[in-house]
Amino acid sequence: MHVSLIAPKNEIIQLPVSICFCVPSGLEDIAREEIAEKLVQYPRLPPASKWITFPGLVQCSLQTSGLDINLKTDLCTQVRGIQFFSVEKMFLVVASLDVSEDEFQAKPADSTSGKIPWIEWLTSCITNCALESWIGAARILNAAGFCPGESSPEEILFRATFLRGDFKHPIANSQTMAGALGASVLSVSSNAKVKLENFEIEVLGCLIPGGSFAQLLLGFRLESYSATAEPISWRHRVISGRTSLRPTIAYCIARMANIQPGQVVLDPCCGVGTIPIEASLTCQPLAHFICGDIELDSIHNKANINITAAAPYSASVVAWNAKALPIRDQLVDIAITDLPWGMREGSFNMCAKLYPKLMKQLIRVVKKGSGKAYILTLDHQLLKHTLNTPWCQKAWKVCFVRDIRIGYQVKLFCLERTED
């Protein structure tokens, strides 16, 4: 059966408005706080009736029973207009399905093509998830003006994207799943047309493993596409680096740190300046940020340019060696940094020499009894080894260690400065 994605104006759509936010994996609770905080600031938005958290995802269902398409369209338009600093992307959920993970993993390869028949499987999922919900969601987005009107009234240009997350499969990569999802949409829609660039609607799929069942989410991306839109990875920056921290992660860590007005915040290994920029512009503009790096290229040609362009209220960039910080004792309230690690930033031996000396510097400059440090690194064993030394155990209390996924697993250490 083929149906149209073009919406009549005044019809009742029974689809509940459920929105899924893609957020940094490992920081879902921080992202949910921001999302909930900003949603209640809009009195026209109905209250959230249900929250569900998955790895890298926060799903929020709004109370929309009995609302017609115009009101639901208005809700989606309002949510789309909110600036969420912790959110990578968000989509209107069409369906949430439980899929047997054993059955999914066991899909046989086609003996002639060597490909897994995901197209048939996903097509049946779309058909079985109540086709009116799928089409209803598309009509809500269409009525909300998500389509810029470049295509003819009879067609909608779309692209399919699949967010695989932590799901692992030897054959089913993100591209394969996205292709199957796009083919599935074409099989049930009479007016959909694939276009990978300058598309009007993005169809999203997400598979979340867990226990004996996996959760399959299907939906439409809420942000409207623009060829000139700034990618989230470039937010508040004009220059990026090889290993620049994503702004969403920097925001979540800064929010977790609960920076107060007048506090001094230090980033001893600032790179292109992402952490002080995000913390100042999105969390606490009345704090004083001091950051620096040993690489002159990062300081003069990247961090300085980014901070000048972003224009935070109070931020200073200095070229320094983190092994000997030019900062007076007991000055810093909070230290937040993404330590260098991996082959792109030097050798293991280089990091092994840096970490102990940097921790000694932080002991000296961070305030006793009240100061904190938030340290992100992939070389967590090296940092743990440093923290387990007698002199470090005396000066730092480990509050928690949190796993964060940025394509691979890193760890965030929250440390509290003792009175010693």
Side-chain angles (χ1 to χ4, degrees), residues 24 27 30 34 83 85-86 232-241 243-340 354 358-359 361-368 370-377 412-417:
L27 295 166
I30 307 300
E34 186 215 3
Q83 187 172 20
F85 295 117
S86 61
I232 192 71
S233 58
W234 285 86
R235 184 177 72 198
H236 301 146
R237 299 185 298 196
V238 293
I239 297 177
S240 188
T243 57
S244 297
L245 189 66
R246 292 190 70 81
T248 50
I249 297 177
Y251 166 79
C252 287
I253 297 175
R255 182 183 175 94
M256 184 190 303
N258 192 27
I259 303 168
Q260 298 299 308
Q263 287 188 326
V264 176
V265 183
L266 168 70
D267 183 357
C269 306
C270 71
V272 300
T274 302
I275 290 175
I277 289 172
E278 286 297 315
S280 177
L281 294 182
T282 64
C283 288
Q284 185 47 260
L286 299 181
H288 304 284
F289 296 88
I290 306 172
C291 60
D293 204 285
I294 195 171
E295 287 192 5
L296 296 182
D297 178 62
S298 292
I299 293 299
H300 297 304
N301 299 327
K302 294 176 183 177
N304 259 325
I305 293 174
N306 283 334
I307 287 178
T308 300
Y313 182 74
S314 178
S316 302
V317 188
V318 183
W320 62 32
N321 188 338
K323 299 176 184 177
L325 295 172
I327 299 175
R328 65 178 171 85
D329 296 356
Q330 309 298 305
L331 173 68
V332 175
D333 294 284
I334 300 173
I336 307 174
T337 191
D338 176 18
L339 289 183
L354 169 65
L358 172 59
M359 293 308 300
Q361 288 296 301
L362 292 181
I363 290 172
R364 180 179 64 82
V365 303
V366 175
K367 290 181 179 178
K368 293 181 179 180
S370 61
K372 286 192 173 183
Y374 295 83
I375 302 175
L376 188 70
T377 181
L412 174 67
F413 291 76
C414 175
L415 311 177
E416 185 176 310
R417 185 71 170 87

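Taking Lys323 as the reference, nothing meets the salt bridge (charged side-chain N to carboxylate O under 4.0 Å, His left out) condition, with sequence neighbours excluded. Under the salt bridge (charged side-chain N to carboxylate O under 4.0 Å, His left out) criterion, Arg255 pairs with Glu33, Glu37, not counting sequence neighbours. Legend: residues meeting side chain to side chain contact (heavy atoms under 4.5 Å, CB included) with Ala324, ordered by chain and number and at least two apart, are absent. Take Ser244 and apply the side chain to side chain contact (heavy atoms under 4.5 Å, CB included) test, not counting sequence neighbours, and it matches Arg237, Ser240, Val272. Listed by chain and number, the residues in a ring pair (Phe, Tyr, Trp, His ring centres under 6.0 Å) with Phe85 are Tyr251 (sequence neighbours excluded). In this structure, the side chain to side chain contact (heavy atoms under 4.5 Å, CB included) partners of Ile305, at least two apart in sequence or on a different chain, are Val238, Ile239.
Here the CD1-CZ distance, from Ile375 to Phe413, works out to 8.5 Å after rounding to the nearest 0.5 Å.
In this structure, Gln284 contributes its side chain and Gln260 its backbone to no donor-acceptor pair below 3.5 Å. Checking side-chain atoms of Gln330 against main-chain N and O of Lys368 turns up a donor-acceptor pair under 3.5 Å. Side-chain atoms of Glu278 never come within 3.5 Å of backbone atoms of Ile275 as a donor-acceptor pair (strictly under, hydrogens ignored). A donor-acceptor pair under 3.5 Å is absent between the side-chain atoms of Gln263 and the main chain of Ala287, judged by distance alone. Using modelled atom types, one side-chain atom of Asp333 and one backbone atom of Val264 make a donor-acceptor pair closer than 3.5 Å. The main-chain N or O of Pro268 is found under 3.5 Å from a side-chain atom of Trp320 such that the two form a donor-acceptor pair.
When all heavy atoms of Val332 and Ala335 are compared, the pair lying nearest together is CG1-N, 4.1 Å. The nearest pair of heavy atoms linking Leu281 to His236 is CD1-CG, 3.7 Å. The nearest pair of heavy atoms linking Ile30 to Cys252 is CG2-O, 3.6 Å.
Between Arg328 and Val365 the shortest side-chain heavy-atom distance does not fall below 4.5 Å.
Taking a cutoff of 4.0 Å between a charged side-chain nitrogen and a carboxylate oxygen, Glu295 and Lys302 do not qualify as a salt bridge.
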